[in-house]
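Letters A, B, ... mirror the listed sequences (proteins, then strands); counts begin at 1.
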Amino acid sequence: MAEPTSSADLPQHRYDAALAQEIEARWQERWEAEGTFHAPNPVGDLADGFDAVADRPKQYVLDMFPYPSGAGLHVGHPLGYIGTDVFARYLRMTGHNVVHTMGYDSFGLPAEQYALATNTHPRVTTERNIENMERQLRRLGLGYDRRRSVSTTDEDFYRWTQWIFLQIFGSWFDETAGRARPVAELEAELDAGTRDPAAGTNPSGKRWADLDATERRHVVNGHRLAYLAEVPVNWCPGLGTVLANEEVTADGRSERGNFPVYRRPMKQWMLRITAYADRLIDDLDLLDWTEAIKSQQRNWIGRSTGADVTFSTDAGPLTVFTTRPDTLFGATYMVVAPEHPLVGALTTPEQQAAVDEYVAAAARRSDLDRQSEGKEKTGVFTGSLATNPVNGESIPVYVADYVLMGYGTGAIMAVPAHDQRDFDFARAFDLRVVPVIASPDEHEPLEQAWTGDGVAINSANAEVSLDGRSVAEAKATIIEWLEGKGVGTGRVQYKLRDWLFSRQRYWGEPFPIVFGDDGEPQALPTSELPLLLPPMEDFSPTTSNDEDSEPEPPLGRITEWATVDLDLGDGPQTYRREVNTMPNWAGSCWYELRYLDPTNHESFVDPENERYWMGPQFEGDGGGVDLYVGGVEHAVLHLLYARFWHKVLFDLGHVSSKEPFRRLFNQGMIQAHVYRDDRGFPVPADEVVEADGTYQYDGKAVSRELGKMGKSLKNAVAPDDMCERYGADTLRLYEMYGGPLDQSRPWDTTAVVGMYRVLQRIWRLFVDEDEGTPRVSDHQPSDETLRTLHRTIAAVRDGMESLRFNTSIARITELTNHLTAAYPDGGVPRSVAEPLALLLAPVAPHIAEELWSRLGNPGSLAYQDFPEAREDLLVEASVELPVSVNGKVKARIIVEADAGAAALEAAARADDKVAALLDGATVRKVIAVPGKMVNFVIG
RNA sequence: GCCCGGGUGGCGGAAUAGGCAGACGCGGAGGACUCAAAAUCCUUUGCCCUCACGGGCGUGCGGGUUCGAUUCCCGCCCCGGGCACCA
């Protein structure tokens, strides 16, 4: 493909790459100088000019902010950014007060790893990377309110991240109220004796009034939404840090870096996200998100409703969780996980050796191994029997690794007739299978478990009978009976675990927490915020490939920082600082709130500004950002965490919105061809040539597949290059033209020229290429041109509203082609040219501004009214309609647009071709739909 | 295995309260301009048969409903993504 050139024999005023770049740079400077995209707040530092827009509807349009990568942007990155910019520009032109900006998620592993790789301090690399990305984004003409831009590593930003953490630390979840409340209220209720410590928070078991100060602190700490706990965590020696469940892949490796992850008990900071499990599921109903993302969140939270049932054994009561209490009469054996605390007590002397060996073998194998060995059922009989509470039957208790300690109670009742896993195990160990749900499967013995619906059978004792009842009825009946007997209780179980929130890395927010002599964590006073991340020369984490290594937070190496003298109300003391840091998700949990009030020094956001931009808009609305665009990869990470933090802030009265992101839109990916040589290594994509349907690099054939775009695959295309070859407007147009925003599309550099030509044609309608003089006229447009214009306006608006910018661009192109043909010698009426420039403005803002100004309009068009279609021009006087015979189109007729059925039929019969076909045939039926078609059924 | 998406020309994609399939762009072919090329512009381009006129076939596959199905219903196939021994 040849480069566009601007050699001397070309028209002096053609819209070429050089001219495009000149126009773009000029308008970008002007937008910035004039503060074109500044959106006023109701109150505070950014309130200037609010009165003028106070009566407009507001819109908050947001992108998932990037982490400042050192690699720079490729053309895939800005797809979503361009999309939101187009939409935001359209909203401004349709009378909205629009807030739209961009920031940087600059703490965390990726930034730190880049710094380590380049042997530079992350502060330096982060700032350098941000600068480069800003430059690249600025060149695309994205209309941001730059006053609002924040980076999560700004001291003034993470000061408030720490403040919000203290809010979380300072609250507990009141189960009765179903919401978080300040810990001070908990203490007051404990003091007043109106509340007892929650289960598991008071190890001494003494009355609150009898506890000493340290014991009380321990009890209260056990209630907090942020708490320290010794629990099995994901230890990743390769990264030198622990990770959240959400950061570990299904095959037990770190999402970042692909290092092995080991389950190990460690004392770490946890956030009590499980308290919000129900609300995180139920409030999905408030959100305009795709079903795909909602179901991923539901799946991750994993709510299942069932019952705890207690079986008696010689080793004591054994409690199981089941979602099918209706099948209790079919329980023929039990299984406990190898890690279950009762394993030892249940094991009889004869079975001791076999059980020990099995448990030891299970312990040696990681979760990964257990899974990779497929679903072959293994296990060992403990020698003990348990008594089924519903029928008194004695059933054997096994140890087997298909039961996981981490879910439910780590023990199950096995109903092989109605659970496939239990069925498989029963087959392997020759255990009884007792059907208790009628199934259509008549095989005897059963071939597989029946897990479908049906009525209960064989399910009665002296006091209760489930027989004949449906699954749902039987569940309710048996739970009631179990509860009455005190051997079971209805319960809801979740897969979601609390969020492991501490990391043993340097580049993150320090915890505003200190420890006194009693070892209990205490909050740093908010007056001490921000607690700055101390500078370090050697900030590298302690990594290893030893599973048994210990986490060593880098901040612990700065002894002068790790202790501090404070007076927290008990007189001056020396305290030990928390030396872990927060995970990279912390900043992104609330950045959308800071954009709204970035310079506020009194609070993280003024409530009035939050209410205006994010508050509920109608009855039953949960509020939130009006449009949030980002990749689907954050379905259960950022999007779940941010919802959780937002709900805590809502409960504490800091925000008026229940949800942070009302509407979520997942943009697709830009894919690119990857070319590989015969060894499978990628070769530079831009040096591959196509010949006779095969692809060659350096004279040798290479394979081609569609994949991600990136440096490692040698197929990255930089937006800077496209701006130089065609200009930013062409790039924007091309990216938006590839298809609906939520769809992935392959990048094709050769196709970019199509949009370049469209812009050149539009330019030529306005400007004489040779002289640079205006070509528009003051003539009246023809009726046809006027109708074409208004049909275009209606269609462009439609595409904008539905985020299908590709259709808007297609219709603008159609209008352009029409005008080129209708006015071959120039003279497009100004009354058509002006709306055309405005229609173009959201997608190609620079050239649109330039044309608008060349039409003699002063100032930017950013707030001009978007053209409106005149209804009367959308209906045609006459229309061409198809006439079909037996469903096959045979002719076309032109009739009045409002012609009735009878007139249609008459016109169709009058057509020569139709008449010939109908001649001599029996017309059985005539369907004439006004405005649509006519069909003759003959035969 | 379960849950979400999605299958339309050589390519990206338009069009569905059921009514002219393939808008618009790329690519291909032909032409204008040029000494020549590039750039730009114009014409043409779903597939098959035919010199042509014209005809046949076409929205993953097989059925169904209907005057009429890319669109609605039933049953499959394929591709992409997520979850997965979660009791």
Scoring nucleotides 4-15 of chain B by protein non-hydrogen atoms under 4.0 Å (B base, S sugar-phosphate only, - none) yields S-------BSSS
Considering every strand and a 4.0 Å limit on heavy-atom distances, what is the contact class for [X]: base, sugar-phosphate, or nothing?
X	value
Arg298(A)	nothing
Glu880(A)	base
Asp422(A)	nothing
Arg497(A)	nothing
Arg757(A)	sugar-phosphate
Ser304(A)	sugar-phosphate

For nucleotides [N] and [M], find the distance between their [atom1] atoms and express it as a whole number of Å.
N	M	atom1	answer
G82(B)	C57(B)	P	43 Å
C49(B)	A23(B)	P	23 Å
G60(B)	C42(B)	P	34 Å
U66(B)	C74(B)	C1'	16 Å
A38(B)	C33(B)	P	15 Å
G46(B)	C26(B)	P	16 Å
C61(B)	C77(B)	P	15 Å

Kindly write out the residues that satisfy ring-ring contact (aromatic ring centres under 6.0 Å, His included) with Trp300(A), not counting sequence neighbours, or none if the list is empty.
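Residues passing ring-ring contact (aromatic ring centres under 6.0 Å, His included) with Trp300(A): none at all.
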Rounded to whole Å, OH of Tyr402(A) lies from C1' of C85(B) at a distance of 9 Å
Find the distance Ile762(A):CD1 to C24(B):C1' and express it as a whole number of Å.
13 Å
Listed by chain and number, what are the side chain to side chain donor-acceptor pair (under 3.5 Å) partners of Arg909(A), not counting sequence neighbours?
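Once residues adjacent in sequence are excluded, the partners of Arg909(A) under the side chain to side chain donor-acceptor pair (under 3.5 Å) criterion are Glu905(A).
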Looking at residues at least two apart in the chain, or sitting in another chain, which of them share a side chain to side chain donor-acceptor pair (under 3.5 Å) with Glu771(A)?
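Result, side chain to side chain donor-acceptor pair (under 3.5 Å) vs Glu771(A): none returned.
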Give me, pair by pair, the N or O atoms of the protein and of nucleotides 65-69 of chain B that are less than 3.5 Å apart, along with how far apart they are.
| from | atom 1 | to | atom 2 | distance (Å) |
| --- | --- | --- | --- | --- |
| C67(B) | OP1 | Lys925(A) | NZ | 3.3 |
| C67(B) | O2' | Asn935(A) | ND2 | 3.2 |
| C67(B) | O2 | Asn935(A) | ND2 | 2.6 |

What side-chain donor-acceptor pairs closer than 3.5 Å can you find for residues 886-902 of chain A, not counting sequence neighbours?
| from | atom 1 | to | atom 2 | distance (Å) |
| --- | --- | --- | --- | --- |
| Asn886(A) | OD1 | Ile938(A) | N | 2.9 |
| Asn886(A) | ND2 | Ile938(A) | O | 3.3 |

Qualifying side chain to side chain donor-acceptor pair (under 3.5 Å) pairs with a residue from residues 732-745 of chain A, counting only residues at least two apart or across chains
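As it turns out, the side chain to side chain donor-acceptor pair (under 3.5 Å) pairs with a partner in residues 732-745 of chain A, which skip direct neighbours, are Asp85(A)-Arg732(A).
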Pairs touching residues 925-935 of chain A that satisfy side chain to side chain donor-acceptor pair (under 3.5 Å), sequence neighbours left out
Ser884(A)-Asn935(A)
Would you list the pairs meeting ring-ring contact (aromatic ring centres under 6.0 Å, His included) in which at least one residue belongs to residues 804-823 of chain A, sequence neighbours left out?
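Qualifying pairs, neighbours excluded: none.
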